[in-house]
Amino acid sequence: MENKAIRVRFAPSPTGPLHIGGVRTALYNFLFARHNGGKMILRIEDTDQNRFVPGAEEYIIESFRWCGIEFDEGVGAGGDFAPYRQSERKQIYRQYADQLIEKGHAYYAFDTTEELETMRKELEASGARYTSYNQESRMKMTNSLTLPNEEVMRRLSVGDPFVIRIKMPENETVKVYDEIRKEVVVDSSTLDDKVLYKSDGMPTYHLANVVDDYLMEISHVIRGEEWLPSLPLHVLLYRFLGWEEDMPKFAHLPLLLKPDGKGKLSKRDGDRLGFPVFPLEWKDPKTGEVSKGYREDGYFPEAFINMLALLGWNPGTEQEIFNMEELAEQFSIDRVGRSGARFDPDKARWFNHQYLIGKDNAELAKDFALILDEKGVTYRDTTYLERIIELVKERVNFVSEIWDQASFFFEAPESYDEKTVRKRWKENTGALLSEILELIKAAEPFKRDKLHDTIASYLEEKQIGMGQVMIGIRLCLVGSGTGPDLFTIMEMIGKEETVMRIEVGVNKLG
RNA sequence: GGCCCGUUCGUCUAGCCAGGUCAGGACGCCAGGUUUUCAUCCUGGUAACAGGGGUUCGAAUCCCCUACGGACUACCA
């Protein structure tokens with residue numbers, strides 16, 4: 001056990017798009033595997049045929065491909081333990097359920113949905129401590145514990161629907177160990193007789209995950225905190241199946257919480273606060289409803305991963321920017337926190353900004369060119385785009401925001417920011433600009449430094465402050481009171497365009 | 001209701017396991033600086049040990065109780 005090869009799995013259910021909490025769980029599994037030189041496995045848990053959503057599995061695989069989480073084995077990757085889709089493993093579960101029955105750790109139950117509902121209501125009404133199918137109620141139900149053996153056999157042979165339930169031991173102290181929370185002790189009498197095998201011939205999650213983790217030689221189960229309450233059940237299953245020696249270690253990750261208020265992060269929060277909760281855009285095949293994705297919102301996969309990695313884990317140093325290799329190198333389960341992490345959209349944007357400013361201008365220019373093409377904006381050449389990006393990259397969080405900061409490099413302003421005009425366009429500004437326009441026309445070469453020196457010395461001579469005139473020119477060229485160095489803008493858009501914009505501006509603003 | 005887990009600045013968190021630091025960093029926010037403007041950037045500031053009991057010379061750190069929060073409680077995963 002101690003020297004067992006490291007094998008971890010991410011086991012999603014293909015019931016819809018993958019939530020970022022799920023991506024984080026997968027990420028931690030992946031980092032753990034990489035850190036320890038182990039294998040990362042993708043297993044699809046599709047034991048509930050009713051909840052199957054077409055396209056979900058493809059979505060999951062595409063999401064991981066996008067953000068750089070790789071699988072060594074599993075659906076889409078193959079491997080020695082195939083198949084990795086539980087629906088394709090259907091026939092292997094029954095024997096283990098039967099084994100449990102033989103050993104007296106499980107039993108057949110024939111109760112209908114209505115009967116179960118009635119039982120629950122009666123227990124609730126009576127104010128009972130537990131309202132579930134358990135050691136207190138099972139002897140009042142229709143199952144192989146209460147029925148004569150011949151009757152059980154008869155029902156089975158005529159094909160009556162049945163489920164197989166675990167026979168939870170009474171008053172047994174179950175000690176389980178979680179790598180993050182340490183020892184957790186539970187009394188088995190507080191646990192219920194969970195269904196292990198469904199009437200449709202499929203196992204439930206509880207049986208399937210134990211059987212598959214054992215068969216696939218999983219060494220560590222790293223999953224969401226919502227599974228912690230069923231850990232005692234799983235541990236008992238390993239014990240009853242005789243696999244306790246080979247039982248994987250467990251680590252239950254804290255939840256991702258909503259940015260404000262209470263509770264776990266949901267799709268609703270994203271819609272309400274304007275950030276995605278899914279890695280990729282998702283269109284619901286039934287309703288046609290579209291949910292935003294990090295990819296489509298312009299996040300870099302590296303930024304997305306970096307942000308997620310730090311939501312619940314930290315290296316104990318002051319480093320905040322990590323690539324996948326660094327994360328894998330430094331990751332360890334004992335530095336995963338115990339409490340839920342509130343998602344912060346602001347910090348997500350900040351991470352993207354960090355990656356954006358660290359990228360090559362050429363690379364960003366490629367993405368920006370795509371946006372320009374979409375807008376139908378023509379441009380000189382990629383060198384021009386790269387120069388623009390160098391000037392504005394510090395000011396944006398996303399490539400898509402570059403246009404907002406740089407549109408004036410491509411087209412003259414159509415309007416002038418009113419507030420700036422009111423505050424900064426004085427009576428004599430027009431006249432002043434007309435004088436400076438002559439200097440601009442005469443500037444040779446039409447370069448940043450030359451323009452700066454010419455205008456600066458002229459203004460000095462006339463005892464006029466730079467600020468008084470520069471805002472006016474900026475208004476003409478940019479349309480607002482913001483933006484990068486003005487002389488650089490002039491040089492880049494060229495003399496002809498500069499002159500024209502100033503003439504138009506002076507004309508319009510007076 | 002039952003059961004389990006959790007609780008350090010507004011947020012992510014370090015520190016806790018092996019009690020002794022002005023409780024550290026980052027995001028946000030605020031202020032100042034730089035600049036022709038805005039943004040960036042730089043500097044500084046703001047702000048936390050949920051509460052109460054113990055144990056101890058000394059507790060964010062160990063123990064107990066309370067409160068609050070969350071997960072789970074399906075023939076869903």
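Chain letters run A, B, ... following the sequence lines, proteins first, then strands; residues in each count from 1.
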*State whether Arg129(A) and Glu136(A) are salt-bridged, where the test is any N-O pair (Lys NZ or Arg NE/NH1/NH2 against Asp/Glu carboxylate O) under 4.0 Å.*
no
*Quiz item: cation-pi between Arg155(A) and Phe110(A), 6.0 Å / 45°*: yes
_Paired nucleotide for C76(B) [Watson-Crick or G-U wobble; both distances under 3.5 Å]_ = none
*Candidate nucleotides U37(B), C27(B), G69(B), ranked by approach to the side chain of Asp346(A) - the nearest*: C27(B)
Between the protein and nucleotides 19-24 of chain B, which nitrogen or oxygen pairs come in under 3.5 angstrom?
none

I'd like a table of atom pairs between the protein and nucleotides 2-5 of chain B - only N or O on both sides, under 3.5 Å - with the distance next to each one.
residue: C5(B); atom: O2'; partner: Arg181(A); partner atom: NH1; Å: 2.7
residue: C5(B); atom: O2'; partner: Glu225(A); partner atom: OE2; Å: 3.0

*Roughly, in whole Å, what's the span from CE in Met119(A) to C1' in A74(B)?*
11 Å
_Check whether Arg474(A) reaches the backbone of Thr482(A) with its side chain - one donor and one acceptor, N or O, closer than 3.5 Å._
yes
_Steps toward side chain to side chain donor-acceptor pair (under 3.5 Å) verdict (Asn143(A), Tyr133(A))_ = CA-CA 11 Å; Asn143(A) 53 49; Tyr133(A) 208 119; 3.0 Å; yes
_NZ/Lys286(A): more than 12 non-hydrogen atoms of other groups inside 6.0 Å_ = no
_Separation of the C1' atoms in U40(B) and A48(B), to the nearest angstrom_ = 30 Å
*Please state the P separation for the pair A71(B) and A18(B) - nearest whole angstrom.*
32 Å
*Could you give the distance separating A74(B) and G69(B) at their C1' atoms, to the nearest angstrom?*
25 Å
Nucleotide N/O to protein N/O under 3.5 Å, stretch nucleotides 39-43 of chain B:
residue: A39(B); atom: N3; partner: Arg395(A); partner atom: NH1; Å: 3.2
residue: U40(B); atom: O2'; partner: Glu394(A); partner atom: OE1; Å: 2.6

*Do Arg120(A) and Glu117(A) meet the salt-bridge criterion of a basic N to acidic O distance under 4.0 Å?*
yes
*Please determine if Glu225(A) and Lys264(A) form a salt bridge, counting it only when a charged side-chain N lies under 4.0 Å from a carboxylate O.*
no
*How far, in whole Å, is U7(B) from C62(B) if one measures between their P atoms?*
11 Å
*Touch check for Lys393(A), heavy atoms < 4.0 angstrom, all strands: base, sugar-phosphate only, or nothing?*
nothing
*Between Gln468(A) (CD) and U35(B) (P), how many Å, whole number?*
18 Å
*Side-chain donor-acceptor pair present, Tyr93(A), Asp212(A), cut-off under 3.5 Å*: yes
*How far, in whole Å, is U21(B) from G2(B) if one measures between their C1' atoms?*
44 Å
*Using a cut-off of 4.0 Å on non-hydrogen atoms, how would the nucleic acid contact of Gly263(A) be classed: base, sugar-phosphate, or nothing?*
sugar-phosphate
_Please report the distance, rounded to the nearest Å, between CG in Asn134(A) and P in U73(B)._
15 Å
*Span that lies between the P atom of G1(B) and that of C63(B), in whole angstrom*: 27 Å
*Using modelled atom types only, decide if a donor and an acceptor are shared between the side chain of Ser13(A) and the backbone of Glu45(A) within a distance under 3.5 Å.*
yes
*Verify, without hydrogens or angle tests, whether Ser87(A) (side chain) and Asp46(A) (backbone) share a donor-acceptor contact under 3.5 angstrom.*
no
*So do the side chains of Tyr299(A) and Pro279(A) get within less than 4.5 Å of each other, counting heavy atoms only?*
no
*Looking only at atom C1', what distance separates U56(B) and U11(B), rounded to whole Å?*
35 Å
Can you pull every protein N or O that's under 3.5 Å from an N or O on nucleotides 75-77 of chain B?
residue: C75(B); atom: OP2; partner: Arg165(A); partner atom: NH2; Å: 3.4
residue: C75(B); atom: O2; partner: Ser199(A); partner atom: N; Å: 2.8
residue: C75(B); atom: O2; partner: Ser199(A); partner atom: OG; Å: 2.6
residue: C75(B); atom: N3; partner: Ser199(A); partner atom: OG; Å: 2.9
residue: C75(B); atom: N4; partner: Asp111(A); partner atom: O; Å: 3.2
residue: C76(B); atom: OP2; partner: Lys198(A); partner atom: NZ; Å: 3.0
residue: C76(B); atom: O2'; partner: Asp48(A); partner atom: OD2; Å: 3.2
residue: C76(B); atom: O2'; partner: Arg51(A); partner atom: NE; Å: 3.1
residue: C76(B); atom: O2'; partner: Arg51(A); partner atom: NH2; Å: 3.1
residue: C76(B); atom: O2; partner: Arg51(A); partner atom: NH1; Å: 3.4
residue: C76(B); atom: O2; partner: Arg51(A); partner atom: NH2; Å: 3.3
residue: A77(B); atom: OP1; partner: Thr47(A); partner atom: OG1; Å: 2.8
residue: A77(B); atom: OP1; partner: Lys198(A); partner atom: NZ; Å: 2.8
residue: A77(B); atom: OP2; partner: Tyr205(A); partner atom: N; Å: 3.2
residue: A77(B); atom: O3'; partner: Glu45(A); partner atom: OE1; Å: 3.1

*Glu179(A) side chain vs Ala251(A) backbone, donor-acceptor pair below 3.5 Å*: no
*With Asp213(A), which of His220(A), Arg43(A), His234(A) fulfils side-chain hydrogen bond (donor to acceptor under 3.5 Å, both in side chains)?*
Arg43(A)
*asked:* If you define the side chain from C-beta out and look only at heavy atoms, does anything of Arg272(A) sit under 4.5 Å from Asp260(A)?
replied: yes
_Separation of the C1' atoms in U73(B) and G54(B), to the nearest angstrom_ = 35 Å
*For Leu486(A) and U37(B), what is the distance between atoms CG and P respectively, to the nearest whole Å?*
11 Å
*NZ/NE/NH1/NH2 to OD/OE distance under 4.0 Å, Asp344(A) and Arg342(A)*: no
*Could you please name the partner base of C29(B), counting Watson-Crick and G-U wobble pairs only when both distances are under 3.5 Å?*
G45(B)
*What is the distance from CZ of Arg349(A) to C1' of A26(B), rounded to the nearest Å?*
16 Å
*asked:* Can you see whether Phe250(A) has Arg223(A) sitting over its ring - NZ or CZ less than 6.0 Å from the centre and within 45° of the normal?
replied: no
*d(CD1, Ile321(A); P, G25(B)) in whole Å*: 18 Å
*Give none if C68(B) has no partner; otherwise give the nucleotide forming a Watson-Crick or G-U wobble pair with it, both distances under 3.5 Å.*
G6(B)
Sequence neighbours excluded and cut-off under 3.5 Å, please list the side-chain donor-acceptor pairs for residues 302-312 of chain A, or say none.
residue: Glu302(A); atom: OE2; partner: Lys359(A); partner atom: NZ; Å: 2.8
residue: Asn306(A); atom: OD1; partner: Phe322(A); partner atom: N; Å: 2.8
residue: Asn306(A); atom: OD1; partner: Tyr355(A); partner atom: OH; Å: 2.6
residue: Asn306(A); atom: ND2; partner: Glu320(A); partner atom: O; Å: 3.0

Pull out every protein N or O sitting under 3.5 Å from an N or O of nucleotides 10-13 of chain B, one pair per line with the distance.
residue: C12(B); atom: OP1; partner: Arg342(A); partner atom: N; Å: 2.9
residue: C12(B); atom: O2'; partner: Leu310(A); partner atom: O; Å: 3.2
residue: U13(B); atom: OP1; partner: Gly312(A); partner atom: N; Å: 2.8
residue: U13(B); atom: O3'; partner: Asn314(A); partner atom: ND2; Å: 2.8

_Let's test this: given Watson-Crick or G-U wobble pairing with both distances under 3.5 Å, identify the partner of U55(B)._
none
*Do other residues, nucleotides or ligands put more than 12 heavy atoms under 6.0 Å from the NZ atom of Lys167(A)?*
no
